[in-house]
Amino acid sequence: VYCAHEYTEKNGNFALTVDPGNPHLKARMEVVKRLRAAGQPTIPYELAEDLKTNPFLRADAAEIARTVGLAGADSETVFAEIRGRRNTF
């Protein structure tokens, strides 16, 4: 994925608030922090990685629903909740 802006670190920090137990996300953020500290870009990246670490692409994950207080809710409801949280992060 080639996106236009370098928001990976901020987005990852947010993602950790709604998916704190995700080992793929934790590992990715270690790399991101190291790259950014060295002034290096975090993009491009592979979609397969995003599918494992992006909470918006994981709105159907039970652990995210539980974390945001919506255990058992449908993915659309969870997505809307995390989108609202990201808007004010």
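Since the model is a prediction, treat every value here as computed from it, not as a measurement. Both backbone and side-chain heavy atoms feed into the values below; hydrogens, waters and symmetry mates do not.
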Pairs under 3.5 angstrom only: tabulate donor-acceptor contacts from the side chains of residues 41-48 to other protein residues two or more places apart or in another chain.
{"unit_1": "Thr42", "atom_1": "OG1", "unit_2": "Glu6", "atom_2": "OE1", "d": "3.3"}
{"unit_1": "Thr42", "atom_1": "OG1", "unit_2": "Glu6", "atom_2": "OE2", "d": "2.4"}
{"unit_1": "Thr42", "atom_1": "OG1", "unit_2": "Thr8", "atom_2": "OG1", "d": "2.5"}

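- One finds the NZ atom of Lys52 at 13.0 Å from the CG atom of Leu57 (value rounded to the nearest 0.5 Å).
- Inspection of the Arg83 and Asn87 side chains reveals an N or O donor paired with an N or O acceptor under 3.5 Å.
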Can you check side-chain contact (heavy atoms from CB on, under 4.5 Å) on Asn13 and Met29, steps first, answer last? CA-CA 8 Å; Asn13 288 334; Met29 287 308 294; 3.5 Å; yes
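- Taking 4.5 Å as the limit, some side-chain heavy atom of Leu25 sits within range of a side-chain heavy atom of Leu16.
- Ring geometry for Phe14 versus Phe56: interplanar angle under 30°, hence parallel rather than tilted (30 to 60°).
- Within the 4.5 Å cutoff, the side chain of Asn11 has heavy atoms near those of the Arg86 side chain.
- None of Thr67, Val18, Thr17 except one satisfies the side-chain contact (heavy atoms from CB on, under 4.5 Å) rule with Ile82; the exception is Val18.
- Ala62 pairs by the side-chain contact (heavy atoms from CB on, under 4.5 Å) definition with Arg66, not counting sequence neighbours.
- Side-chain N or O atoms of Arg85 include one that pairs as donor or acceptor with a backbone N or O of Val68 at under 3.5 Å.
- To the nearest 0.5 angstrom, Asp50 atom CG is 8.5 Å from Arg28 atom CZ.
- Rounded to the nearest 0.5 Å, atoms NE2 (His24) and CD (Glu49) are 10.5 Å apart.
- In Tyr7, the OH atom is not crowded: 12 or fewer heavy atoms of neighbouring residues, nucleotides or ligands sit closer than 6.0 Å.
- Using a 4.0 Å cut-off between a side-chain N of Lys or Arg and a carboxylate O of Asp or Glu, Lys26 and Glu30 do not qualify as a salt bridge.
- Taking CZ of Arg58 as the reference point, atom CG of Asp19 lies at 4.5 Å (rounded to 0.5 Å).
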